[in-house]
Amino acid sequence: MASSAEKTGAAKILLVDDDATFRTSLSLYLDRYPEEWTYRVAGSVKEAVALLGSDDFDLAILDVHLPDGNAADIVRHAGTVPCLICTEDQQIPTYNQLLSDSSIAQNIVNYIVKPLQQGVIWTIRSAIRFGRERDLRNRLVAEATASYEEERRQIGQNLHDSMGAFLAQLSWIFSRIDGAMHNPGIDQQLGTTVQAICKEGRQLVEAAHREVSEAVTQLRPEAVNVAGLRTAIEFMLEQWKMTAPTVKFEFSCTADLEKIDSRRSGTIYRLVQEGLTNAMRHTDPTHVAVAMNARNDQLTLAIKSKGRVLVAKDTYKLTVLRERTSSLGGVLQFAVDPACQESSLTITMPMA
Amino acid sequence: MSMKTRSDGCCTALVAEDVLDRGPLTMLVQSGINRNGLEKLRSVFCISVDEALADLSRLQPLADAAGVGLMPAGDVIHRARSACVTIGAAALGREFKAYAQCQTRLEAQQQKIEIERVYAQTREAMTKFLADLE
């Protein structure tokens, strides 16, 4: 893995503006520090998207208005590349409008003002550093998440193999004792008592087996691997329906979840699991809706619950969810609407 | 100070700072950009404005007398204004903005003349700025 400290080579910048004068002005600044970066220029959304597809950039500097679209159209194709928005002073509301779009806000790190100010170089350096540190953090979180999942998988496997085997053997032992009690040489009263104990023992073993199986399922979402993410989530919701029959559960999915690789699928499954658990634990809901939609290779997962609204957002345990979201290069937003008694968790992430 | 004739016949005075706010170009100089860099910027700016004016000339006949059809000039105006903001051509930027607000083809034609007049002053001011660097 290349660490942030290792990735100190010249950064690659994509500069997108349909105004050649502004591009030249910024180029004059950038050319002063050739050891720090190289750059490529584009004058339209189409050109920018083509360049993003053909090269790895550390930063994109984007004009808001372009002949064939606007900055948001490029940010959506920028993956995890941090973006600086070029704006005139009076266009800051436009910048804020871009930030309010949760599907792109994650990548917009700052803005630079036209005409260029002397601090522009520092803004650019800071944005590149931000992007590299975010990449590093995301890689670390992804590795930690993968290790965590692997540990869970191993615990699940060990539980299944060892506890499962022990419990099966114990069940056989009870059966043998029970069988031995039918021996004519055994005192009948003692035999009856022991057989009753064996029956209770076997019932306890069966209960323990069910508990272990459930724990193993929780630790290893096999359903994701076996049946796919969509079926696994539907199964999860069916289980919740049985556990909480008074709550109305809904699931809608317009995204093609088959496109998502197994590692991401596992993490998304955990996000849904954790989000649902939070909703059920903290909001005492009457209605829970899970929706998964895709747009421009971005997957949006929304979990909305109607019920008790949390006063403080912090009480909704989001740390783990944020870390998992971050490991997928995504962004998490949590909102409450007291008037509608609705809490909503929205996670937007790249599908690949 | 130079005089500027508006389409309504009134004259308004343009102060040098309004024709060319030296702030953006001075910022480049203070950041270590040399004269060659500034000459290049002026050249690109002039090409941009020339292209914008050519585009406006091309688009004007497509609009009818009531001004319907002037809208495609929006991108041209936006690009030209961005160029003006970049080099500090405040007055020229305003004239381009005024063009975008023209309601009729006649207004647009008159406003284009104003743009050309202020553009000439802007070029002179840039030349003077570069000369002052000597």
Side-chain angles (χ1 to χ4, degrees), chain A residues 15-37 39 41-48 61-71 73 84-92 94-95 111-125, chain B residues 17 20-55 59 71-90 92-94 96-97 100 119 122-123 126 129-130:
Chain A
L15 168 56
V16 188
D17 199 307
D18 59 335
D19 169 26
T21 309
F22 179 76
R23 291 200 306 260
T24 305
S25 172
L26 187 52
S27 299
L28 291 172
Y29 279 100
L30 294 174
D31 288 341
R32 299 263 304 148
Y33 308 95
E35 71 285 359
E36 287 193 50
W37 41 59
Y39 59 90
V41 297
S44 65
V45 172
K46 189 180 175 185
E47 287 174 20
I61 301 174
L62 312 173
D63 186 22
V64 174
H65 300 289
L66 292 158
D68 55 348
N70 63 30
D73 299 321
L84 278 176
I85 303 298
C86 302
T87 176
E88 292 174 37
D89 279 338
Q90 64 266 31
Q91 288 179 336
I92 286 176
T94 312
Y95 172 77
Y111 63 87
I112 57 179
V113 178
K114 293 180 182 181
L116 294 171
Q117 311 295 308
Q118 214 154 17
V120 65
I121 290 298
W122 292 104
T123 306
I124 291 170
R125 284 182 183 135
Chain B
E17 293 76 19
L20 183 68
D21 170 4
R22 292 189 164 207
L25 295 180
T26 304
M27 193 74 74
L28 283 163
V29 174
Q30 288 172 348
S31 299
I33 309 301
N34 60 24
R35 189 191 168 94
N36 284 343
L38 293 171
E39 290 279 10
K40 181 182 173 188
L41 185 62
R42 179 175 70 165
S43 169
V44 173
F45 170 75
C46 289
I47 291 169
S48 296
V49 176
D50 288 342
E51 284 177 355
L53 288 168
D55 284 340
L59 290 168
M71 281 306 287
D75 282 343
V76 177
I77 299 295
H78 169 74
R79 198 159 45 245
R81 286 186 62 211
S82 171
C84 293
V85 168
T86 300
I87 63 128
L92 186 58
R94 273 203 311 278
F96 273 113
K97 186 178 181 181
Y119 175 37
T122 306
R123 284 199 311 266
M126 289 183 80
F129 178 88
L130 291 171

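Only heavy atoms go into these numbers, but all of them, side chains included; no hydrogens, no water, no symmetry mates. Naming convention: chains lettered A, B, ... in sequence-line order (proteins, then strands); numbering from 1 in each chain.
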Handout entry: Donor-acceptor side-chain pairing of T21(A) and T86(B) below 3.5 angstrom
Key = no
Handout entry: Check: P115(A) main-chain N/O paired with Q117(A) side-chain donor or acceptor under 3.5 Å
Key = yes
Exercise for the section: Determine the option with the most heavy-atom pairs under 4.5 angstrom with chain A, choosing from G37(B), C84(B), S31(B). Expected result: S31(B)
Exercise for the section: Examine R125(A) relative to Y33(A) and say whether NZ or CZ is less than 6.0 Å from the centre of the six-membered ring and inside a 45° cone about the ring axis. Expected result: yes
Practice task
Using a strict cut-off of less than 4.0 Å between a Lys/Arg side-chain nitrogen and an Asp/Glu carboxylate oxygen, indicate whether D17(A) and K114(A) qualify as a salt bridge.
Solution key: yes
Practice task
Sort L28(A) into side chain, backbone, both or neither according to what part of it lies under 4.5 angstrom from a heavy atom of chain B.
Solution key: both
Problem - Part of I87(B) within contact of chain A (heavy atom distance under 4.5 Å) - result: side chain
Practice task
Considering only heavy atoms and a distance below 4.5 Å, find which of V44(B), D21(B), L25(B), L38(B) pairs most often with chain A.
Solution key: V44(B)
Exercise for the section: Tell me, for Q30(B) versus chain A, whether the close heavy atoms (under 4.5 Å) come from the side chain, the backbone, both or neither. Expected result: both
Problem - V49(B) side chain reached by F96(B) side chain, heavy atoms, under 4.5 Å - result: yes
